[in-house]
Amino acid sequence: MLLSIFLALFLPCAGMSVVFVVYICLLWYAASHAPPDVVKPPVKKGLSTTELEKLPKVTGDKLVHGNECAVCLDEIGEDEPARMVPGCNHGFHLLCADTWLAKQPVCPVCRTKLGPEFFESSQQNPC
């Protein structure tokens, strides 16, 4: 009788201990043999410096759609350098436009995307 009570209490505890030790060993093995983390290179979203230089530069008096910079919300003076986005002709301060377009290649006002067709040289594009 005493032996059966001992076995009834000891065997479940011993069995659970064995399962726990096997689980800990499997966790250790998985952690030590895991593949190294692969770091993806950052994706370039904005325009490069050479692409920015190909965009038209004008002065504030030659802007088509008004002289308010939508990036900094300040007026563009008539003699201040400005950058005009091709395709939609929205104008911005030169520094504001370059900062914006270096991060994302879209017009800050109308979200016109600046695709590669705006940066092809005139020798490759005869039109």
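Quantities reported herein were computed from a predicted structural model and do not represent experimental measurements.
- Residues passing the side-chain hydrogen bond (donor to acceptor under 3.5 Å, both in side chains) test with Thr99, sequence neighbours excluded: none.
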field: Glu68 vs Leu73, side chain to side chain contact (heavy atoms under 4.5 Å, CB included): CA-CA, chis, key distance, verdict
entry: CA-CA 6 Å; Glu68 183 178 2; Leu73 302 176; 4.2 Å; yes
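- Counting only distance, with no hydrogens or angles, the side chain of His90 and the backbone of Thr112 share no donor-acceptor pair below 3.5 Å.
- Residues Val71 and Met84 fall into different hydrophobic clusters, defined by Ile, Leu, Val, Met, Phe, Trp and Tyr side chains chained together at heavy-atom separations under 4.5 Å.
- Taken to the nearest 0.5 Å, the CD atom of Glu80 stands 10.0 Å off from the CG atom of Leu63.
- Members clustered with Leu94: none, using a 4.5 Å side-chain heavy-atom cutoff among hydrophobic residues.
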- prompt: Can you check side chain to side chain contact (heavy atoms under 4.5 Å, CB included) on Arg83 and Lys57, steps first, answer last?
  reply: CA-CA 5 Å; Arg83 177 136 359 245; Lys57 292 180 195 176; 3.5 Å; yes
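- Between Ala102 and Leu52 the shortest heavy-atom distance is CB-CD1, 4.4 Å.
- Partners of Asn89 by side-chain hydrogen bond (donor to acceptor under 3.5 Å, both in side chains), not counting sequence neighbours: none found.
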task: Step by step, work out the side chain to side chain contact (heavy atoms under 4.5 Å, CB included) result for Asp79 and Thr59.
output: CA-CA 6 Å; Asp79 57 340; Thr59 55; 5.9 Å; no
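- Considering Pro108, Cys69, Cys107, Cys72 in turn, Pro108 is the only one that fulfils the side chain to side chain contact (heavy atoms under 4.5 Å, CB included) rule with Trp100.
- Counting heavy atoms from C-beta outward, Cys88 and Val109 have side chains that stay 4.5 Å or more apart.
- The shortest heavy-atom contact between Glu75 and His93 is O-NE2, 3.4 Å.
- Here the side chain of Glu53 pairs no donor or acceptor atom with the backbone of Thr50 at under 3.5 angstrom.
- To the nearest 0.5 Å, atom CG of residue Leu47 and atom CD of residue Gln104 are 10.0 Å apart.
- No side-chain heavy atom of Leu55 sits less than 4.5 Å from a side-chain heavy atom of Asp98.
- Without hydrogens or angle criteria, Trp28 side chain to Tyr23 main chain gives no donor-acceptor distance under 3.5 Å.
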Intermediate values then yes/no, side chain to side chain contact (heavy atoms under 4.5 Å, CB included), Leu101 and Leu114: CA-CA 9 Å; Leu101 294 172; Leu114 296 175; 3.7 Å; yes
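- Residues Ile76 and Ala82 approach most closely at CG2-CB, 4.2 Å, considering heavy atoms.
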